[in-house]
*Asks:* 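Take a look at the following structure, please.
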Amino acid sequence: MVNPQMVMYEEEFNQIQAVVDRLVKEANAKVVFIVDKNGQLIAQSGDIENLDSTSLASLTAGNIAATGGMAKLLRENEFATQFHEGEKANIHIQLVGKRVILVVIFDARSSLGLVRLRVKKASEELNSIFEGLLRKVQEPGRDSPFAEITDEDIDNLFND
Amino acid sequence: MSFINYLSREINCKIVYYGPGLCGKTTNLQYIYNKTNPEAKGKMISLATETERTLFFDFLPLSLGEIRGFRTRFHLYTVPGQVFYDASRKLILKGVDGVVFVADSQIDRMDANVESLENLRTNLAEQGYSLDKLPYVVQYNKRDLPSVATLEEMRALLNPSQNVDFEAVATTGVGVFDTLKAVAKLVLTELRRGGGG
Ligand SMILES: Nc1nc2c(ncn2[C@@H]2O[C@H](COP(=O)(O)OP(=O)(O)O)[C@@H](O)[C@H]2O)c(=O)[nH]1
Ligand SMILES: [Mg+2]
């Protein structure tokens, strides 16, 4: 198939979470999260209590997909960075590698300059983590935990 | 493309409801949303025009329960049906794990059904997918209306290869969960085969 299966293991997740946690602090951000291009949330950090991150993840991916489509029509490479300025909150969106999206939400306690600077470093780190992850997923002999599920397992899911 | 998270022990899959404009895709999602326990669903998002036509997509995250200790989460999307939103439809198909084709049973919508199904095949092919290999379910919706084609006619026209199919009335919920369960089941079965690419 076109895309290899997206898998997250504990080791890589911890590395990613560390990058995201650090980015919240170093960029004075409110929230940082990472989404895959299909809209699935991978990691988040910061003031996430009252945040509907599932919805935000899906909309972020839709947004990146739409601007990617615009870029294609303009024969441009993908727009790797987007910035939306609000009255209180600002949102900085960065494409990392070709697969994941790094989103930083910040307010007046930070600045676009600072966020840009910190995002640049964080994306390099994330890029190498995700590349490693992709290689790992493609290694032969890594069976999916679903290889052994039975029809019964699947039916049970719906018997309520 | 499904996403398996070993840490949160979750599996995420993406299902897209496809079909011509006004066939009832959004209504399917609304019914599912209204009938699902609050703890099993997230917010339903509709990016719609002022006249409630889907502009970009509807999105509904659902949690269906556990398999072997993994929580199964399904992200349901609909596409805008109008012909001129083709660019948006292509985007929504990215990374799809399963497709529901919702057909409008009214006789005067048969051309629109056929056109939409062809469009689905074309757009999937552009992404390197094939409808014959994807988990795929057909739904004949609006069976309650007076001038509808017969089931046999619709099968011959829209489902000659005999994929799993259901008759439905999305406004009252007939066939809605049958359709969802069938496609979810096919997606999980595909995962077992190590597909899920
Ligand atoms: N009679 C009847 N109307 C339906 C049915 N399903 C949807 N509709 C109506 O058809 C219209 C279009 O439905 P919608 O879900 O917005 O279509 P979409 O463009 O595919 O998202 C709405 O007015 C629905 O109430 C059905 O099974 N029977
Ligand atoms: Mg709609």
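A, B, ... follow the sequence lines: proteins, then strands. Residue 1 opens every chain.
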*Asks:* Once rounded to the nearest 0.5 Å, what's the spacing between atom CD of Glu126(B) and atom CG of Leu93(B)?
*Replies:*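 Interatomic distance, Glu126(B) CD to Leu93(B) CG, rounded to 0.5 Å: 10.0 Å.
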
*Asks:* Checking Ile64(A) against chain B: side chain, backbone, both or neither under 4.5 Å from a heavy atom?
*Replies:*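 It is neither, since no heavy atom gets under 4.5 Å.
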
*Asks:* With a 3.5 Å distance limit and no angle check, can you tell me whether Lys25(B) reaches the backbone of Gly19(B) through a side-chain donor-acceptor pair?
*Replies:*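 Yes; at least one donor-acceptor contact below 3.5 Å.
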
*Asks:* Find the one option among His75(B), Lys90(B), Arg73(B) whose heavy-atom pairs under 4.5 Å with chain A are most numerous.
*Replies:*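 Among His75(B), Lys90(B), Arg73(B), the one with the most close pairs to chain A is His75(B).
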
*Asks:* Between Ile92(B) and Tyr136(B), is there a shared hydrophobic cluster once you connect ILVMFWY residues whose side-chain heavy atoms come closer than 4.5 Å?
*Replies:*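 Linked, Ile92(B) and Tyr136(B) end up in one cluster.
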
*Asks:* Please check this pair: side chain of Arg118(A) against backbone of Glu26(A), looking for a donor-acceptor N/O pair closer than 3.5 Å.
*Replies:*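 Yes; judged by distance alone, with no hydrogens or angles, the pair exists.
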
*Asks:* Quick one: what part of Asp52(A) sits under 4.5 Å from any heavy atom of chain B, side chain, backbone, both or neither?
*Replies:*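 Side chain only.
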
*Asks:* Answer with side chain, backbone, both or neither: which region of Leu188(B) has an atom nearer than 4.5 Å to a non-hydrogen atom of chain A?
*Replies:*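 Answer is both: backbone and side chain atoms of Leu188(B) are under 4.5 Å from chain A.
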
*Asks:* Which region of Phe177(B), side chain (C-beta onward) or backbone (N, CA, C, O), has a non-hydrogen atom less than 4.5 Å from a non-hydrogen atom of chain A, or is it both or neither?
*Replies:*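 For Phe177(B), neither part sits under 4.5 Å from chain A.
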
*Asks:* Please determine if Lys136(A) forms a cation-pi arrangement with Tyr9(A), meaning its NZ or CZ atom is less than 6.0 Å from the six-membered ring centre and no more than 45° off the ring axis.
*Replies:*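 The answer is yes; both the distance and angle limits are met.
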
*Asks:* Which bit of Ser8(B) is near chain A, if near means a heavy-atom gap under 4.5 Å: side chain, backbone, both or neither?
*Replies:*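 For Ser8(B), no heavy atom lies under 4.5 Å from chain A.
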
*Asks:* Counting only non-hydrogen atoms closer than 4.5 Å, does Glu10(B) touch chain A with its backbone (N, CA, C, O), its side chain (CB onward), both, or neither?
*Replies:*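 Contact with chain A is absent: no heavy atom of Glu10(B) under 4.5 Å.
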
*Asks:* Would you say Asn127(A)'s side chain and Ser123(A)'s backbone share a donor-acceptor pair under 3.5 angstrom?
*Replies:*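 The answer is no, because no donor-acceptor pair under 3.5 Å joins these two groups.
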
*Asks:* Taking every non-hydrogen pair under 4.5 Å, which of Asn14(A), Leu59(A), Asp36(A) racks up the most with chain B?
*Replies:*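 With the most close heavy-atom pairs to chain B, the winner is Leu59(A).
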
